[in-house]
Amino acid sequence: MGTVKNILFIMCDQLRWDYLSCYGHPHLKTPNIDWLASQGVRFNRAYVQSPICGPSRMSFYTGRYVQSHGSSWNNFPLRVGEMTLGDHLRPLGVDTVLIGKTHMKADEAGMERLGIAPDSVIGARVAECGFDVYERDDGLHPDGPYAANPVYNEYLHAKGYEDKNPWNTRANGVEVTREEESGLGWFLKYSDRPAKIAEEDSETPYLTRRFMEFVDGRGPDDRPWLCHLSYIKPHWPYIVPAPYHNMYGPDTWLPVVRSEAEKENPHPVYEQFMKARVSTAFARKEVRNAVMPAYMGLIKQIDDQMGVLFAFLKERELMETTMIVFTSDHGDYLGDHWLGEKELFHDQSVRVPLIIYDPSDVADSGRGCQSDALVETIDLVPTFLQALGGKAVPHQLDGRSLLPILNGKIAQDWREVAISEYDYSMSPAREALGREPSQCRLIMAVSSRWKFVYSEGDRPMLFDLENDPQELTDLGADPAYNAVSATMQDHVFEWARKPRQRVTTSDEDILSYSDQSAAKAGILIGYYEERELEEHLSGEDTNSL
């Protein structure tokens, strides 16, 4: 094997942890992702720091909790000056490059206040989560400021797709059968039809090829790299080209996880999310019937592209020097718990697949292993930093390096709970509950057995994962579990009290400070006469305080 020179950081969007065969899906076979797991470590209990795209990704890219970096909802700008992957890795001589999605919005007001020109090198990096952009493609909206990637549309035009916005009408559109149909993939009823595009021209293989072009475009004297290959799918629109659109029938779908009892006296926030349009849609049989084949087909297409990508890395002899990470920014309810989309804290939403392959010789003992350690996705930045020979900066990073686990060791003094946060002030639930934005905060703490959700102004939510692994029974209102809730709330409050904003001065700097060093520097506080200073500097002072 070898040592880590490069890092390929692969992220899917809205991929559930349990929709890969290496995580136990009985029908959706993902042999290429499974192979990666056989060569590295599969983490069974990895949790994102927020179950929604933007804040989750900002935590991935900064190594910090949402409470620390402040970007608490989609398109809430990441403030200027927040340290990101690029800031940590470039001083080590590592280029940090983006291909795909970030869901980042620049702090334009902060850049203007500080005089940072958007078209400067620094300005471009500040505006893009610290990445040098090879190609950004968020792939979210058909028009407007967050419209489809123009480079991809230019590619499609060159391939002969003449539509004004072929990303919208071809890659995410279908053939219509009636005059009144739009054929746009935003409407869930079209999900079981094939995209109106050749498979090789769809988004997932396109981004794979862009990564290969990035690698082949680098010369022998170029610096090592971290490439964030960030796929758009299987996020909606749930549209996939043939032959993937009809590979999976009803006998291959995981059974929907929900019970009528969940609707009886639910937590008030949960109740409002069950009433959301996307949730009531996924409660309908015809919606799941249309979406499930597409969702699974999109994942199968991703796995096939992983096969293309891994073969390419082997051919270019990069497997010996490239760490590979495969993960997702959050999951997808798909109708489980009477919910659609993501946003709350059931495992379908907040738990993600995480597979890490480390080519280093010292990682041989960990190959093919599984870890049940409670992992937070903020652990990736310190892992990358250590793997590339950087110095630990715990005053700047909230996460912990996973390298010891990758090397087959038992993590010492590992965390007792994993934390995730959600600010629902931008959701209809805030208005329905009549709350101010500052009151719309949820914090999850999950331990080896319990999952607890602190809700500002409400009772908590509590699930016994040992006896209720499907999280169907909320014990938060049961007085018999008050002691458990109190213990888990203590974990939340202990986490919340930890200072996370002193990023400019390390613990080492503080420990190196002494009253004597201050005196040597001419900082004289409380001395009555010169003799006292002389005694203090000579070590003869008995009244050092």
Side-chain angles (χ1 to χ4, degrees), residues 5-15 32-33 36 53-54 56-58 60-61 78 84-86 89-90 94-106 121 124-140 146-156 158-159 167 171 200-219 222-235 298 301-313 315-316 318-319 321-329 355-357 380-381 384:
K5 177 183 177 183
N6 307 306
I7 297 174
L8 174 55
F9 176 19
I10 304 168
M11 184 182 291
C12 299
D13 195 337
Q14 208 148 308
L15 171 63
N32 298 299
I33 297 170
L36 185 68
C53 297
S56 172
R57 289 170 177 270
M58 297 311 105
F60 267 107
Y61 305 149
L78 185 69
T84 60
L85 262 173
L89 299 188
R90 283 192 190 91
V94 178
D95 291 337
T96 309
V97 178
L98 168 70
I99 300 174
K101 177 178 180 177
T102 62
H103 216 127
M104 160 75 171
K105 183 177 181 181
V121 173
R125 288 171 176 170
V126 166
E128 297 288 355
C129 296
F131 293 107
D132 289 326
V133 175
Y134 189 80
E135 181 169 339
R136 178 171 171 177
D137 189 354
D138 278 16
L140 284 175
Y146 308 112
N149 170 20
V151 178
Y152 178 54
N153 266 342
E154 289 171 9
Y155 163 82
L156 293 179
K159 294 286 287 186
W167 170 84
E200 64 269 19
D201 294 329
S202 60
E203 292 162 292
T204 297
Y206 171 79
L207 287 175
T208 302
R209 289 196 301 275
R210 292 295 281 154
F211 167 74
M212 295 189 290
E213 291 166 7
F214 158 74
V215 170
D216 282 344
R218 297 184 73 81
D222 285 339
R223 298 175 3 140
W225 47 263
L226 177 146
C227 182
H228 181 36
L229 178 56
S230 185
Y231 289 99
I232 300 166
K233 298 298 185 179
H235 192 286
L298 287 164
Q301 186 186 36
I302 288 169
D303 184 72
D304 286 349
Q305 287 301 306
M306 291 302 98
V308 172
L309 191 151
F310 298 153
F312 170 82
L313 291 174
E315 182 182 329
R316 297 297 189 273
L318 288 170
M319 290 298 295
T321 56
T322 304
M323 173 180 279
I324 303 174
V325 174
F326 181 90
T327 189
S328 176
D329 62 347
I355 298 167
I356 303 180
Y357 159 78
L380 288 180
V381 176
F384 297 158

Residue that, paired with Asp95, satisfies salt bridge (Lys or Arg N to Asp or Glu O under 4.0 Å) out of Arg90, Arg223, Arg125, Lys5: Arg223

To the closest 0.5 Å, what do you measure between [atom1] ([X]) and [atom2] ([Y])?
X	Y	atom1	atom2	answer
Thr102	Arg136	OG1	CZ	3.5 Å
Phe326	Phe310	CZ	CZ	7.5 Å
Thr84	Met58	OG1	CE	10.0 Å
Cys227	Ile10	SG	CD1	9.0 Å
Lys159	Tyr206	NZ	OH	11.5 Å
Asp303	Thr204	CG	OG1	11.5 Å

Do the non-hydrogen side-chain atoms of [X] and [Y] ever get within less than 4.5 Å of each other?
X	Y	value
Leu226	Met323	no
Phe9	Thr96	no
His103	Asp13	no
Leu36	Asn32	no
Ile232	Asp137	yes
Leu380	Leu85	no
Glu203	Lys233	yes
Leu318	Leu8	no

Asp138/Lys105 salt bridge by N-O under 4.0 Å criterion: no

Heavy-atom closest pair, residues [X] and [Y]:
X	Y	answer
His235	Lys101	CD2-NZ, 4.2 Å
Cys129	Met104	SG-CB, 3.2 Å
Gly217	Asp222	O-OD2, 4.5 Å

Any donor-acceptor pair under 3.5 Å from [X] side chain to [Y] backbone:
X	Y	result
Ser230	Gly100	no
Ser56	Asp329	yes
Asn6	Trp225	yes

Intermediate values then yes/no, side-chain contact (heavy atoms from CB on, under 4.5 Å), Asp216 and Arg316: CA-CA 9 Å; Asp216 282 344; Arg316 297 297 189 273; 2.8 Å; yes

With Glu200 via side-chain contact (heavy atoms from CB on, under 4.5 Å) - residues at least two apart: Ala198, Arg209

Partners passing salt bridge (Lys or Arg N to Asp or Glu O under 4.0 Å) against Glu213 (at least two apart in sequence or in another chain): Arg210

Ring pair (Phe, Tyr, Trp, His ring centres under 6.0 Å) involving Phe131 - partner list, sequence neighbours excluded: Tyr61, His228

Mutual orientation of the aromatic rings belonging to Tyr155 and Tyr152 [parallel < 30°, tilted 30-60°, perpendicular > 60°]: parallel

Working for side-chain contact (heavy atoms from CB on, under 4.5 Å), residues Phe214 and Leu229: CA-CA 11 Å; Phe214 158 74; Leu229 178 56; over 6 Å; no

Step-by-step side-chain contact (heavy atoms from CB on, under 4.5 Å) determination, Phe211 to Leu313: CA-CA 11 Å; Phe211 167 74; Leu313 291 174; 4.1 Å; yes

Could you verify whether a donor N or O on one side chain and an acceptor N or O on the other, from [X] and [Y], lie under 3.5 Å apart?
X	Y	result
Gln301	Tyr231	no
Tyr357	Thr322	no
Thr208	Gln305	yes

Trace of the side-chain contact (heavy atoms from CB on, under 4.5 Å) decision for Val94 with Phe384: CA-CA 11 Å; Val94 178; Phe384 297 158; over 6 Å; no

